[in-house]
Amino acid sequence: ALEAYPMNIRAYTQDDFATLQRWAEARSIDPSTLILSPNGFVAEDSRGPIAMVWVFLVFDAPFVIVDNFFSRPQSSVRQVKDSWAILFRVIRGFLGNLRDCKGNAIKYPLIRTYCRAELGKFFKEDGWKVAEHPSLQITYALSPPQ
């Protein structure tokens with residue numbers, strides 16, 4: 001249960017980038033290639049940040065993208081699952097409170113994300129539809145990242 005592993009959730013700030021950079025490099029990911037939304041969330045436990053994730057709002061399509069879920073290196077599977085579970089609750093709340101400039105609710109019927117294959121089973125048990133085929137993320141830089 002989440003109560004056995006208490007966490008706080010807060011918004012990502014630029015001050016968190018050094019932590020994100022260390023976590024990315026620990027996974028052999030070049031942090032300069034990461035695209036981060038202004039809608040980032042950080043889960044913290046008694047040792048500090050344990051997980052980070054970003055929500056990308058797609059204004060011309062009926063879905064949002066959740067991307068760049070990072071967890072603290074050497075975290076246990078349970079810690080990662082618990083941090084994802086509470087972050088996803090916060091994301092659903094965030095999405096449920098979106099409003100346009102007239103105060104009308106903005107509703108997104110679908111959330112899409114990518115995950116490592118070993119997490120697919122957990123997501124499936126949590127109600128996600130999991131594609132049973134591998135895919136690769138590819139990017140092409142039109143200009144150097146800022």
Report all side-chain donor-acceptor pairs from residues 90-107 shorter than 3.5 Å, counting only partners two or more places apart or in another chain.
{"unit_1": "Asn97", "atom_1": "ND2", "unit_2": "Gly93", "atom_2": "O", "d": "2.9"}
{"unit_1": "Asp100", "atom_1": "OD1", "unit_2": "Lys102", "atom_2": "N", "d": "2.9"}
{"unit_1": "Asp100", "atom_1": "OD1", "unit_2": "Gly103", "atom_2": "N", "d": "3.0"}
{"unit_1": "Asp100", "atom_1": "OD1", "unit_2": "Asn104", "atom_2": "N", "d": "2.9"}
{"unit_1": "Asp100", "atom_1": "OD2", "unit_2": "Asn104", "atom_2": "ND2", "d": "3.4"}

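- Salt-bridge annotation for Asp16 and Arg10: present, with a side-chain N of the basic residue lying under 4.0 Å from a carboxylate O of the acidic one.
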Next on the checklist: Applying side chain to side chain contact (heavy atoms under 4.5 Å, CB included) to Phe88 and Phe41, what does each step give before you reach the verdict?
Outcome noted: CA-CA 10 Å; Phe88 190 53; Phe41 299 94; over 6 Å; no
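- When side chains are defined from C-beta on, Gln79 does not count as touching Ser71, because their heavy atoms never get closer than 4.5 Å.
- Looking at heavy atoms from C-beta onward, Tyr114 lies out of side-chain contact with Val66 at the 4.5 angstrom threshold.
- Listed here is the closest heavy atom pair of Leu57 and Tyr108: CB-OH, 3.8 Å.
- Taking the six-membered ring where the residue is Trp, Phe69 and Trp84 present perpendicular rings, their angle passing 60° and hence far from 30°.
- Across all their heavy atoms, Pro109 and Pro62 have their closest contact at CD-O, 3.0 Å.
- Between Ser75 and Ile50, some side-chain heavy-atom pair lies under the 4.5 Å cut-off.
- Atom OG1 of Thr33 and atom CG of Asn68 lie 8.5 Å apart (nearest 0.5 Å).
- Residue Gln74 places its CD atom among 12 or fewer non-hydrogen atoms of other residues, nucleotides or ligands, all under 6.0 Å distant.
- Atom CG in Asp67 sits 6.0 Å away from atom OG1 in Thr113 (nearest 0.5 Å).
- Here the side chains of Arg72 and Arg47 are in contact, with some heavy-atom distance below 4.5 Å.
- Judged by distance alone, with hydrogens and angles left aside, the side-chain atoms of Ser37 form a donor-acceptor pair with the main-chain N or O of Val55 at under 3.5 Å.
- Taken to the nearest 0.5 Å, the CG atom of Asp30 stands 9.0 Å off from the CD atom of Gln21.
- Other members of the cluster containing Ile65 are Tyr12, Phe17, Leu20, Trp23, Ile29, Leu34, Ile35, Leu36, Val42, Met52, Trp54, Phe56, Val58, Phe63, Phe70, Leu110, with ILVMFWY side chains joined at under 4.5 Å, either directly or via other members.
- Counting all heavy atoms, side chain and backbone alike, Ala43 lies closest to Met7 at CB-SD, 4.2 Å.
- Counting heavy atoms from C-beta on, the side chains of Pro31 and Glu25 come closer than 4.5 Å.
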